[in-house]
Peer 1: 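Take a look at this one; I'll ask things after.
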Amino acid sequence: MSIEKPLPVIDHDSAPYWEAAREGRLDIPLCGDCGKHHFYPRAICPHCHSDNLKFDTVSGRGEVHTFTIARRPAGPAFADDVPYVVALIELEEGPRMMSRVQTDDPEAVKIGAKVEVTFVKATDEVTFPYFKMI
Amino acid sequence: MKNARDPVIVGLADAPIEDGKFVTKASVLGHAALVAKAAVEEAGLTLDDVDGLLTAGMWGVPGPGQLATVTLGEYLGIMPTYVDGTNIGGSAFEAHVAHAAMALREGYCEVALIVYSSDQKSLRSRNLGGRPSVLSMQHETPYGMPTPVGGYAMAAQRHMHEYGSTSENLAEIAVATRKWAQLNPAATRRDPLTIDDVLSSTMISEPLHLLDCCLVTDGAGAIVMTTAERAKDLKTKPIAVKGYGEAHTHWAVAEMPDLARLLPAQKAGETAMKMAGVTHSDIDVVEVYDSFTITVLLTLEALGFCKIGEGGDFVSGQRTAPGGAFPMNTNGGGLSALHPGMYGMFLLIEASRQLRGDCGDRQVTGAETALVHGTGGTLSSGATVILQKD
(Lines give C-alpha, C1' and ligand atoms only; values in the text may rest on other atoms or scores of the structure.)
Protein backbone atom coordinates (compact mmCIF):
# COMPACT_ATOMS: atom_id res chain seq x y z
CA MET A 1 0.00 0.00 0.00
CA SER A 2 1.48 3.31 -0.99
CA ILE A 3 1.42 6.21 1.43
CA GLU A 4 -0.29 9.38 0.23
CA LYS A 5 2.06 12.21 -0.65
CA PRO A 6 1.66 15.51 1.17
CA LEU A 7 -0.57 17.99 -0.61
CA PRO A 8 -0.49 21.76 -0.26
CA VAL A 9 -2.91 23.27 2.24
CA ILE A 10 -4.24 25.97 -0.09
CA ASP A 11 -5.06 29.37 1.47
CA HIS A 12 -6.39 32.72 0.27
CA ASP A 13 -2.89 33.93 -0.72
CA SER A 14 -2.12 30.88 -2.83
CA ALA A 15 -5.54 29.90 -4.27
CA PRO A 16 -5.14 31.80 -7.58
CA TYR A 17 -1.68 30.27 -8.08
CA TRP A 18 -2.92 26.70 -7.58
CA GLU A 19 -6.03 27.38 -9.68
CA ALA A 20 -3.83 28.57 -12.57
CA ALA A 21 -1.60 25.51 -12.22
CA ARG A 22 -4.71 23.31 -12.56
CA GLU A 23 -5.39 25.12 -15.82
CA GLY A 24 -1.82 24.72 -17.07
CA ARG A 25 -0.55 28.25 -16.35
CA LEU A 26 2.19 29.50 -14.06
CA ASP A 27 0.69 32.61 -12.44
CA ILE A 28 2.67 34.47 -9.79
CA PRO A 29 2.14 37.88 -8.15
CA LEU A 30 3.38 41.03 -9.89
CA CYS A 31 3.65 44.30 -7.96
CA GLY A 32 1.88 47.27 -9.56
CA ASP A 33 4.19 49.68 -7.74
CA CYS A 34 7.76 48.34 -7.95
CA GLY A 35 7.13 46.17 -11.03
CA LYS A 36 8.76 43.08 -9.51
CA HIS A 37 7.35 39.57 -9.42
CA HIS A 38 7.52 37.55 -6.24
CA PHE A 39 7.03 33.98 -5.11
CA TYR A 40 5.48 32.46 -2.95
CA PRO A 41 2.28 34.54 -3.23
CA ARG A 42 1.76 37.04 -0.43
CA ALA A 43 -0.75 39.78 0.45
CA ILE A 44 2.00 42.41 0.29
CA CYS A 45 5.04 42.69 -1.96
CA PRO A 46 8.16 41.46 -0.09
CA HIS A 47 10.31 43.91 -2.11
CA CYS A 48 8.48 47.24 -1.55
CA HIS A 49 5.62 46.23 0.79
CA SER A 50 2.93 47.52 -1.55
CA ASP A 51 -0.43 45.73 -1.57
CA ASN A 52 -1.05 46.71 -5.20
CA LEU A 53 -0.60 43.18 -6.53
CA LYS A 54 -2.08 41.08 -9.29
CA PHE A 55 -1.39 37.60 -10.59
CA ASP A 56 0.58 37.54 -13.84
CA THR A 57 1.13 34.60 -16.18
CA VAL A 58 4.89 34.14 -16.52
CA SER A 59 6.99 32.33 -19.14
CA GLY A 60 7.53 29.14 -17.18
CA ARG A 61 11.18 29.23 -18.22
CA GLY A 62 14.14 29.50 -15.90
CA GLU A 63 17.27 27.78 -14.74
CA VAL A 64 18.39 25.46 -11.98
CA HIS A 65 19.76 27.72 -9.23
CA THR A 66 20.67 24.77 -7.02
CA PHE A 67 19.41 21.24 -6.42
CA THR A 68 19.88 18.03 -4.54
CA ILE A 69 19.49 14.44 -5.64
CA ALA A 70 17.54 12.79 -2.85
CA ARG A 71 19.08 9.36 -2.37
CA ARG A 72 16.93 8.86 0.72
CA PRO A 73 13.27 9.82 0.52
CA ALA A 74 11.69 12.66 2.48
CA GLY A 75 9.56 10.13 4.35
CA PRO A 76 7.90 6.90 3.18
CA ALA A 77 5.54 8.71 0.77
CA PHE A 78 8.48 9.48 -1.49
CA ALA A 79 10.20 6.08 -1.26
CA ASP A 80 9.18 5.00 -4.77
CA ASP A 81 10.60 8.21 -6.29
CA VAL A 82 14.22 7.73 -5.13
CA PRO A 83 16.48 8.97 -6.60
CA TYR A 84 14.72 12.22 -7.40
CA VAL A 85 15.83 15.78 -8.02
CA VAL A 86 14.46 18.56 -5.84
CA ALA A 87 15.54 21.83 -7.37
CA LEU A 88 15.37 25.53 -6.68
CA ILE A 89 14.34 27.08 -9.99
CA GLU A 90 15.15 30.71 -10.74
CA LEU A 91 12.44 31.94 -13.11
CA GLU A 92 13.32 34.27 -15.98
CA GLU A 93 11.19 36.88 -14.23
CA GLY A 94 13.43 36.73 -11.14
CA PRO A 95 11.73 34.83 -8.31
CA ARG A 96 12.90 31.42 -7.19
CA MET A 97 10.59 28.50 -6.51
CA MET A 98 11.15 25.02 -5.14
CA SER A 99 10.12 22.22 -7.47
CA ARG A 100 11.23 18.97 -9.07
CA VAL A 101 13.29 18.49 -12.18
CA GLN A 102 11.66 15.59 -14.00
CA THR A 103 14.38 13.45 -15.53
CA ASP A 104 15.40 9.85 -16.08
CA ASP A 105 19.00 10.90 -15.52
CA PRO A 106 19.41 12.79 -12.22
CA GLU A 107 23.19 12.98 -12.72
CA ALA A 108 22.62 15.13 -15.80
CA VAL A 109 21.06 17.94 -13.76
CA LYS A 110 23.50 20.82 -13.27
CA ILE A 111 23.33 24.29 -11.77
CA GLY A 112 22.54 26.69 -14.59
CA ALA A 113 20.64 24.11 -16.66
CA LYS A 114 17.79 25.72 -18.61
CA VAL A 115 14.37 24.40 -17.65
CA GLU A 116 10.73 24.82 -18.57
CA VAL A 117 7.61 24.22 -16.52
CA THR A 118 5.54 21.07 -17.01
CA PHE A 119 2.31 20.47 -15.13
CA VAL A 120 1.79 17.22 -13.24
CA LYS A 121 -1.69 16.46 -11.95
CA ALA A 122 -1.75 14.98 -8.45
CA THR A 123 -5.47 15.17 -7.61
CA ASP A 124 -8.55 16.92 -9.02
CA GLU A 125 -7.64 19.89 -6.79
CA VAL A 126 -3.87 19.98 -7.12
CA THR A 127 -1.57 20.15 -10.12
CA PHE A 128 2.13 20.69 -9.44
CA PRO A 129 4.41 22.82 -11.60
CA TYR A 130 7.45 20.59 -12.18
CA PHE A 131 10.30 21.48 -14.53
CA LYS A 132 12.05 19.72 -17.42
CA MET A 133 15.47 20.48 -18.84
CA ILE A 134 15.35 22.04 -22.31
CA MET B 1 34.63 49.41 32.11
CA LYS B 2 33.06 46.98 34.51
CA ASN B 3 29.61 47.45 35.90
CA ALA B 4 27.93 45.71 38.86
CA ARG B 5 25.10 44.52 36.61
CA ASP B 6 27.31 43.09 33.86
CA PRO B 7 25.89 39.68 32.85
CA VAL B 8 27.86 36.55 33.71
CA ILE B 9 27.39 32.79 33.43
CA VAL B 10 27.67 31.09 36.83
CA GLY B 11 26.07 27.67 36.43
CA LEU B 12 26.28 24.87 33.86
CA ALA B 13 24.89 21.36 33.69
CA ASP B 14 24.18 18.72 31.08
CA ALA B 15 22.51 15.33 31.35
CA PRO B 16 24.55 12.14 30.94
CA ILE B 17 23.75 10.16 27.79
CA GLU B 18 24.89 6.72 26.69
CA ASP B 19 24.65 5.50 23.09
CA GLY B 20 22.85 8.77 22.47
CA LYS B 21 20.10 8.10 25.00
CA PHE B 22 19.40 9.52 28.45
CA VAL B 23 20.80 7.36 31.24
CA THR B 24 18.33 8.61 33.86
CA LYS B 25 14.68 7.58 33.63
CA ALA B 26 12.61 10.79 33.50
CA SER B 27 10.29 12.58 31.10
CA VAL B 28 11.58 15.27 28.79
CA LEU B 29 10.55 17.88 31.37
CA GLY B 30 12.06 15.74 34.11
CA HIS B 31 15.44 15.96 32.38
CA ALA B 32 14.99 19.72 32.00
CA ALA B 33 14.32 19.97 35.71
CA LEU B 34 17.28 17.79 36.69
CA VAL B 35 19.78 19.86 34.69
CA ALA B 36 18.17 23.10 35.90
CA LYS B 37 18.59 22.00 39.50
CA ALA B 38 22.17 20.87 38.91
CA ALA B 39 23.12 24.14 37.21
CA VAL B 40 21.72 26.40 39.96
CA GLU B 41 23.23 24.22 42.69
CA GLU B 42 26.63 24.30 41.01
CA ALA B 43 26.52 28.07 41.39
CA GLY B 44 25.43 27.83 45.03
CA LEU B 45 21.89 28.93 44.25
CA THR B 46 18.52 27.16 44.42
CA LEU B 47 15.62 27.03 41.98
CA ASP B 48 13.78 29.43 44.32
CA ASP B 49 16.37 32.09 43.42
CA VAL B 50 15.43 31.88 39.73
CA ASP B 51 13.32 34.83 38.58
CA GLY B 52 14.18 34.68 34.87
CA LEU B 53 13.23 31.62 32.81
CA LEU B 54 14.18 31.09 29.17
CA THR B 55 13.55 27.97 27.14
CA ALA B 56 12.77 26.66 23.69
CA GLY B 57 12.01 23.17 22.53
CA MET B 58 10.07 20.92 20.26
CA TRP B 59 8.41 18.86 23.01
CA GLY B 60 4.68 18.96 23.67
CA VAL B 61 3.69 20.61 20.37
CA PRO B 62 0.75 20.87 19.75
CA GLY B 63 -0.19 21.10 23.42
CA PRO B 64 1.66 22.33 26.50
CA GLY B 65 4.93 22.89 24.62
CA GLN B 66 3.35 25.77 22.72
CA LEU B 67 3.74 27.84 25.89
CA ALA B 68 7.13 26.45 26.72
CA THR B 69 8.20 28.74 29.59
CA VAL B 70 4.76 28.43 31.19
CA THR B 71 4.82 24.64 31.14
CA LEU B 72 8.43 24.43 32.33
CA GLY B 73 7.85 27.03 35.08
CA GLU B 74 4.90 24.97 36.29
CA TYR B 75 6.97 21.76 36.32
CA LEU B 76 9.78 23.49 38.25
CA GLY B 77 7.31 25.03 40.71
CA ILE B 78 8.58 28.57 40.24
CA MET B 79 6.97 31.91 39.30
CA PRO B 80 9.42 33.70 37.02
CA THR B 81 8.93 37.44 36.44
CA TYR B 82 11.07 37.64 33.31
CA VAL B 83 10.46 35.01 30.64
CA ASP B 84 11.57 34.41 27.08
CA GLY B 85 10.39 31.55 24.90
CA THR B 86 12.10 32.79 21.76
CA ASN B 87 12.36 29.88 19.35
CA ILE B 88 14.47 30.52 16.28
CA GLY B 89 15.65 26.90 16.04
CA GLY B 90 18.92 25.54 17.39
CA SER B 91 20.36 29.02 17.83
CA ALA B 92 17.62 29.95 20.30
CA PHE B 93 19.90 29.55 23.32
CA GLU B 94 22.51 31.99 22.03
CA ALA B 95 19.61 34.44 21.63
CA HIS B 96 18.45 33.56 25.16
CA VAL B 97 21.88 34.46 26.55
CA ALA B 98 21.58 37.81 24.75
CA HIS B 99 18.08 38.43 26.05
CA ALA B 100 18.97 37.36 29.59
CA ALA B 101 22.02 39.66 29.47
CA MET B 102 19.79 42.62 28.58
CA ALA B 103 17.24 41.70 31.26
CA LEU B 104 19.97 41.42 33.90
CA ARG B 105 21.48 44.77 32.94
CA GLU B 106 18.07 46.44 33.11
CA GLY B 107 17.22 44.85 36.46
CA TYR B 108 14.36 42.78 35.06
CA CYS B 109 15.75 39.74 36.84
CA GLU B 110 18.59 38.66 39.13
CA VAL B 111 19.02 34.99 38.27
CA ALA B 112 18.21 33.78 34.77
CA LEU B 113 17.89 30.08 33.95
CA ILE B 114 18.16 28.88 30.33
CA VAL B 115 17.10 25.27 29.79
CA TYR B 116 16.80 22.77 26.95
CA SER B 117 15.77 19.13 26.91
CA SER B 118 14.96 16.60 24.20
CA ASP B 119 14.35 12.87 24.26
CA GLN B 120 14.08 12.62 20.46
CA LYS B 121 16.42 9.62 20.24
CA SER B 122 14.54 7.61 22.86
CA LEU B 123 11.22 8.57 21.27
CA ARG B 124 12.50 8.12 17.69
CA SER B 125 10.71 11.38 16.93
CA ARG B 126 13.21 13.15 14.71
CA ASN B 127 11.44 12.58 11.40
CA LEU B 128 10.19 16.01 10.40
CA GLY B 129 7.99 14.61 7.60
CA GLY B 130 4.26 14.20 7.90
CA ARG B 131 3.59 17.76 8.99
CA PRO B 132 0.79 19.48 7.09
CA SER B 133 2.09 21.57 4.20
CA VAL B 134 0.72 24.91 5.37
CA LEU B 135 1.73 28.50 4.56
CA SER B 136 5.17 28.69 2.92
CA MET B 137 5.64 24.92 3.32
CA GLN B 138 2.86 24.24 0.78
CA HIS B 139 5.42 25.30 -1.84
CA GLU B 140 8.22 23.05 -0.57
CA THR B 141 7.12 19.90 1.27
CA PRO B 142 5.03 18.40 -1.57
CA TYR B 143 8.11 18.26 -3.81
CA GLY B 144 9.76 15.78 -1.46
CA MET B 145 12.33 18.14 0.01
CA PRO B 146 14.33 15.99 2.44
CA THR B 147 14.17 17.74 5.81
CA PRO B 148 16.30 19.06 7.21
CA VAL B 149 19.20 17.78 5.08
CA GLY B 150 17.90 18.89 1.65
CA GLY B 151 18.28 22.60 2.26
CA TYR B 152 21.85 22.15 3.51
CA ALA B 153 22.61 19.98 0.50
CA MET B 154 21.34 22.74 -1.80
CA ALA B 155 23.55 25.27 -0.03
CA ALA B 156 26.55 22.94 -0.33
CA GLN B 157 25.85 22.39 -4.03
CA ARG B 158 25.70 26.13 -4.60
CA HIS B 159 28.88 26.79 -2.58
CA MET B 160 30.74 24.14 -4.57
CA HIS B 161 29.47 25.69 -7.82
CA GLU B 162 30.40 29.27 -6.93
CA TYR B 163 33.64 28.74 -5.07
CA GLY B 164 34.93 25.28 -6.00
CA SER B 165 34.77 23.85 -2.50
CA THR B 166 34.77 20.05 -2.42
CA SER B 167 33.36 17.07 -0.55
CA GLU B 168 36.92 16.53 0.77
CA ASN B 169 36.83 20.02 2.32
CA LEU B 170 33.59 19.12 4.10
CA ALA B 171 34.99 15.78 5.22
CA GLU B 172 37.96 17.59 6.85
CA ILE B 173 35.46 19.16 9.24
CA ALA B 174 33.84 15.84 10.17
CA VAL B 175 37.24 14.22 10.77
CA ALA B 176 38.66 17.10 12.84
CA THR B 177 35.52 17.19 14.96
CA ARG B 178 35.75 13.43 15.58
CA LYS B 179 39.30 13.89 16.87
CA TRP B 180 37.96 16.28 19.52
CA ALA B 181 35.24 13.76 20.40
CA GLN B 182 37.94 11.15 20.99
CA LEU B 183 39.27 13.43 23.76
CA ASN B 184 35.81 13.80 25.35
CA PRO B 185 34.63 10.80 27.39
CA ALA B 186 31.04 12.08 27.19
CA ALA B 187 30.96 12.16 23.37
CA THR B 188 28.72 9.64 21.60
CA ARG B 189 30.93 8.74 18.61
CA ARG B 190 34.59 8.25 19.49
CA ASP B 191 35.76 5.64 16.97
CA PRO B 192 38.46 6.77 14.51
CA LEU B 193 37.29 8.47 11.32
CA THR B 194 39.10 9.23 8.05
CA ILE B 195 38.27 11.48 5.13
CA ASP B 196 37.74 8.36 3.01
CA ASP B 197 35.24 7.04 5.58
CA VAL B 198 33.20 10.23 5.19
CA LEU B 199 33.37 10.21 1.39
CA SER B 200 32.41 6.54 1.16
CA SER B 201 29.53 6.79 3.64
CA THR B 202 25.98 6.54 2.26
CA MET B 203 24.91 9.43 0.07
CA ILE B 204 21.82 10.95 1.70
CA SER B 205 21.04 14.11 -0.23
CA GLU B 206 23.71 15.01 -2.78
CA PRO B 207 26.34 16.23 -2.12
CA LEU B 208 25.97 15.40 1.58
CA HIS B 209 26.91 11.95 2.88
CA LEU B 210 25.73 10.31 6.07
CA LEU B 211 28.90 11.39 7.88
CA ASP B 212 28.37 15.02 6.82
CA CYS B 213 25.26 14.92 9.02
CA CYS B 214 24.99 15.44 12.77
CA LEU B 215 23.97 12.72 15.19
CA VAL B 216 20.47 12.17 16.48
CA THR B 217 20.63 11.90 20.27
CA ASP B 218 18.81 12.82 23.47
CA GLY B 219 20.21 15.65 25.53
CA ALA B 220 19.47 18.25 28.17
CA GLY B 221 21.43 21.27 29.31
CA ALA B 222 21.07 24.33 31.50
CA ILE B 223 22.88 27.62 31.98
CA VAL B 224 22.48 30.02 34.90
CA MET B 225 23.25 33.71 34.49
CA THR B 226 23.36 36.52 37.00
CA THR B 227 25.06 39.88 37.51
CA ALA B 228 28.77 40.36 38.20
CA GLU B 229 27.82 41.78 41.61
CA ARG B 230 25.74 38.76 42.63
CA ALA B 231 28.35 36.37 41.25
CA LYS B 232 30.88 37.53 43.87
CA ASP B 233 29.10 35.45 46.53
CA LEU B 234 28.64 32.36 44.38
CA LYS B 235 30.66 29.15 44.13
CA THR B 236 31.84 29.20 40.51
CA LYS B 237 34.22 31.43 38.61
CA PRO B 238 31.98 33.65 36.47
CA ILE B 239 32.25 33.78 32.68
CA ALA B 240 31.45 37.22 31.27
CA VAL B 241 28.98 37.69 28.42
CA LYS B 242 30.76 40.42 26.46
CA GLY B 243 28.79 40.66 23.24
CA TYR B 244 25.87 39.21 21.35
CA GLY B 245 23.93 39.52 18.11
CA GLU B 246 21.15 37.73 16.27
CA ALA B 247 19.41 37.76 12.89
CA HIS B 248 17.25 35.59 10.67
CA THR B 249 16.26 35.58 7.02
CA HIS B 250 13.90 32.76 6.00
CA TRP B 251 12.04 29.57 6.90
CA ALA B 252 11.46 28.04 3.46
CA VAL B 253 14.73 27.10 1.74
CA ALA B 254 13.55 28.82 -1.46
CA GLU B 255 13.46 32.08 0.47
CA MET B 256 17.13 31.95 1.54
CA PRO B 257 18.52 35.18 0.06
CA ASP B 258 21.90 33.70 -0.92
CA LEU B 259 22.31 29.94 -0.91
CA ALA B 260 26.10 30.15 -0.62
CA ARG B 261 26.34 32.80 2.11
CA LEU B 262 25.07 32.81 5.65
CA LEU B 263 23.78 36.36 6.05
CA PRO B 264 22.39 35.91 9.61
CA ALA B 265 25.82 34.77 10.84
CA GLN B 266 27.48 37.70 9.14
CA LYS B 267 25.12 40.18 10.79
CA ALA B 268 25.05 38.53 14.22
CA GLY B 269 28.81 38.02 14.29
CA GLU B 270 29.60 41.62 13.39
CA THR B 271 27.19 42.92 16.03
CA ALA B 272 28.54 40.64 18.76
CA MET B 273 32.23 41.27 18.07
CA LYS B 274 31.74 45.01 17.88
CA MET B 275 29.85 45.02 21.19
CA ALA B 276 32.57 42.92 22.83
CA GLY B 277 35.33 45.06 21.34
CA VAL B 278 37.20 42.01 20.04
CA THR B 279 38.67 41.06 16.68
CA HIS B 280 39.20 37.62 15.16
CA SER B 281 42.72 37.35 16.53
CA ASP B 282 41.40 37.76 20.09
CA ILE B 283 39.31 34.57 19.84
CA ASP B 284 40.99 31.54 21.45
CA VAL B 285 38.27 28.93 20.96
CA VAL B 286 35.35 28.74 18.56
CA GLU B 287 32.17 26.73 19.04
CA VAL B 288 29.90 26.85 15.99
CA TYR B 289 26.78 24.89 15.14
CA ASP B 290 27.62 21.80 13.07
CA SER B 291 24.25 20.40 12.05
CA PHE B 292 26.02 19.46 8.82
CA THR B 293 29.60 19.96 7.71
CA ILE B 294 28.50 22.64 5.25
CA THR B 295 26.99 24.64 8.12
CA VAL B 296 30.47 25.04 9.60
CA LEU B 297 32.05 26.10 6.30
CA LEU B 298 29.39 28.75 5.68
CA THR B 299 29.55 29.96 9.29
CA LEU B 300 33.33 30.40 9.38
CA GLU B 301 33.17 32.45 6.18
CA ALA B 302 30.22 34.55 7.33
CA LEU B 303 31.84 35.27 10.70
CA GLY B 304 34.88 36.54 8.83
CA PHE B 305 37.47 33.99 9.97
CA CYS B 306 38.26 33.64 6.29
CA LYS B 307 37.04 35.28 3.10
CA ILE B 308 33.74 34.24 1.51
CA GLY B 309 34.48 31.23 -0.68
CA GLU B 310 37.74 30.33 1.06
CA GLY B 311 36.25 28.15 3.79
CA GLY B 312 37.35 24.98 2.04
CA ASP B 313 41.00 26.00 2.12
CA PHE B 314 40.62 27.32 5.65
CA VAL B 315 39.55 23.97 7.13
CA SER B 316 42.05 21.92 5.09
CA GLY B 317 44.95 20.10 6.69
CA GLN B 318 42.95 19.44 9.88
CA ARG B 319 43.29 23.07 10.93
CA THR B 320 40.32 22.79 13.32
CA ALA B 321 41.47 19.51 14.95
CA PRO B 322 43.20 19.17 18.35
CA GLY B 323 46.65 20.70 18.00
CA GLY B 324 45.55 22.66 14.92
CA ALA B 325 45.78 26.44 14.58
CA PHE B 326 42.02 26.93 15.00
CA PRO B 327 40.49 24.97 17.92
CA MET B 328 36.81 24.50 17.06
CA ASN B 329 33.93 22.39 18.34
CA THR B 330 36.11 21.03 21.09
CA ASN B 331 33.54 18.67 22.66
CA GLY B 332 33.12 16.78 19.38
CA GLY B 333 30.21 18.91 18.21
CA GLY B 334 26.84 17.90 16.88
CA LEU B 335 28.66 15.67 14.41
CA SER B 336 30.24 13.41 17.05
CA ALA B 337 29.32 14.39 20.63
CA LEU B 338 25.55 14.88 20.74
CA HIS B 339 22.76 16.51 18.78
CA PRO B 340 19.41 16.52 20.53
CA GLY B 341 17.49 18.52 17.91
CA MET B 342 18.40 22.03 19.04
CA TYR B 343 22.11 21.88 19.76
CA GLY B 344 22.95 25.53 20.50
CA MET B 345 22.75 25.00 24.26
CA PHE B 346 25.73 22.66 24.17
CA LEU B 347 27.93 25.11 22.25
CA LEU B 348 27.50 27.54 25.15
CA ILE B 349 28.19 24.91 27.80
CA GLU B 350 31.38 23.73 26.06
CA ALA B 351 32.66 27.28 25.50
CA SER B 352 32.05 28.15 29.16
CA ARG B 353 33.83 25.00 30.33
CA GLN B 354 36.80 25.80 28.09
CA LEU B 355 37.01 29.28 29.64
CA ARG B 356 36.76 27.79 33.13
CA GLY B 357 39.64 25.46 32.23
CA ASP B 358 37.55 22.38 33.07
CA CYS B 359 38.02 20.42 29.83
CA GLY B 360 40.70 17.87 30.76
CA ASP B 361 42.36 16.23 27.73
CA ARG B 362 40.57 18.53 25.31
CA GLN B 363 41.36 21.76 27.17
CA VAL B 364 42.54 24.53 24.85
CA THR B 365 45.59 26.04 26.57
CA GLY B 366 45.18 29.66 27.58
CA ALA B 367 41.54 29.92 26.43
CA GLU B 368 40.37 33.36 27.57
CA THR B 369 37.92 34.46 24.87
CA ALA B 370 35.40 32.25 23.08
CA LEU B 371 33.07 32.83 20.17
CA VAL B 372 29.85 30.82 20.11
CA HIS B 373 27.60 30.82 17.08
CA GLY B 374 24.31 28.99 16.79
CA THR B 375 22.44 28.33 13.56
CA GLY B 376 18.75 27.43 13.52
CA GLY B 377 16.07 26.26 11.14
CA THR B 378 17.52 25.51 7.70
CA LEU B 379 20.38 28.03 7.78
CA SER B 380 17.55 30.37 8.79
CA SER B 381 18.71 32.08 11.95
CA GLY B 382 22.02 32.92 13.54
CA ALA B 383 23.00 34.13 16.99
CA THR B 384 26.51 34.88 18.23
CA VAL B 385 27.78 35.22 21.81
CA ILE B 386 31.26 36.34 22.86
CA LEU B 387 32.31 34.92 26.23
CA GLN B 388 35.35 35.86 28.27
CA LYS B 389 37.12 34.62 31.35
CA ASP B 390 36.26 37.28 33.93
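Lettering follows sequence order; numbering is per chain, from 1.
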Peer 1: Pick one of side chain, backbone, both or neither for B:L208, based on which atoms fall under 4.5 Å of a heavy atom in chain A.
Peer 2: neither
Peer 1: At a heavy-atom separation under 4.5 Å, does B:M256 approach chain A through its side chain, its backbone, both, or neither?
Peer 2: backbone
Peer 1: Go through B:E255, B:M145, B:M137, B:M203 and name the one with the most non-hydrogen pairs under 4.5 angstrom from chain A.
Peer 2: B:E255
Peer 1: Between A:E90 and A:R96, does any side-chain N to carboxylate O distance fall below 4.0 Å?
Peer 2: yes
Peer 1: In terms of heavy-atom pairs under 4.5 Å with chain B, which of A:H65, A:K5, A:R100, A:R42 leads?
Peer 2: A:H65
Peer 1: Which of the residues A:I89, A:D13, A:T68, A:D11 is involved in the greatest number of heavy-atom pairs with chain B at under 4.5 angstrom?
Peer 2: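 Most pairs with chain B among the choices: A:T68.
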Peer 1: More than 12 heavy atoms of other residues, nucleotides or ligands under 6.0 Å from CG of A:D124: is that the case?
Peer 2: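 Atom CG in A:D124 is not crowded, with 12 or fewer foreign heavy atoms closer than 6.0 Å.
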Peer 1: Give the member of A:D81, A:V126, A:V86, A:I111 that has the highest number of heavy-atom pairs under 4.5 Å with chain B.
Peer 2: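 Between A:D81, A:V126, A:V86, A:I111, the count favours A:I111.
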Peer 1: Which bit of A:F67 is near chain B, if near means a heavy-atom gap under 4.5 Å: side chain, backbone, both or neither?
Peer 2: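 Both parts, backbone and side chain.
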Peer 1: Taking all heavy atoms of A:G35 and all of A:L30, pick out the closest pair and write down the distance.
Peer 2: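 Taking A:G35 first and A:L30 second, the nearest heavy atoms are O-CD1, 3.6 Å.
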Peer 1: Please flag which part of A:Y84 lies under 4.5 Å from any non-hydrogen atom of chain B: side chain, backbone, both or neither.
Peer 2: side chain
Peer 1: Identify which part of A:L7 has an atom lying under 4.5 Å from any heavy atom of chain B, answering side chain, backbone, both or neither.
Peer 2: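 Contact with chain B involves the backbone of A:L7 alone.
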Peer 1: Any carboxylate oxygen within less than 4.0 angstrom of a Lys/Arg side-chain nitrogen, looking at B:E172 and B:R178?
Peer 2: no
Peer 1: Between NE2 of B:H250 and NE2 of B:H248, what distance do you get to the nearest 0.5 Å?
Peer 2: 11.0 Å
Peer 1: Could you look at A:P46 and say if it's the side chain, the backbone, both or neither that has a heavy atom under 4.5 Å from chain B?
Peer 2: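 Neither part, no heavy atoms under 4.5 Å.
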Peer 1: Mind checking whether B:Y289 and B:H339 have ring centres under 6.0 Å apart?
Peer 2: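 Centroid distance B:Y289-B:H339: below 6.0 Å, so yes.
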Peer 1: What part of A:A77 gets closer than 4.5 Å to chain B, counting heavy atoms only: side chain, backbone, both or neither?
Peer 2: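 Answer is neither: A:A77 stays 4.5 Å or more from chain B.
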Peer 1: Pick one of side chain, backbone, both or neither for A:Y130, based on which atoms fall under 4.5 Å of a heavy atom in chain B.
Peer 2: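 Contact with chain B: side chain only.
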Peer 1: With side-chain contact (heavy atoms from CB on, under 4.5 Å) as the test, pick out the partner of A:P29 among A:H37, A:K54, A:H38.
Peer 2: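 Checked A:H37, A:K54, A:H38 against A:P29; only one passes side-chain contact (heavy atoms from CB on, under 4.5 Å): A:H38.
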Peer 1: Strictly below 4.0 Å, N to O, side chains only: are B:E206 and A:K110 in salt-bridge contact?
Peer 2: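 No.
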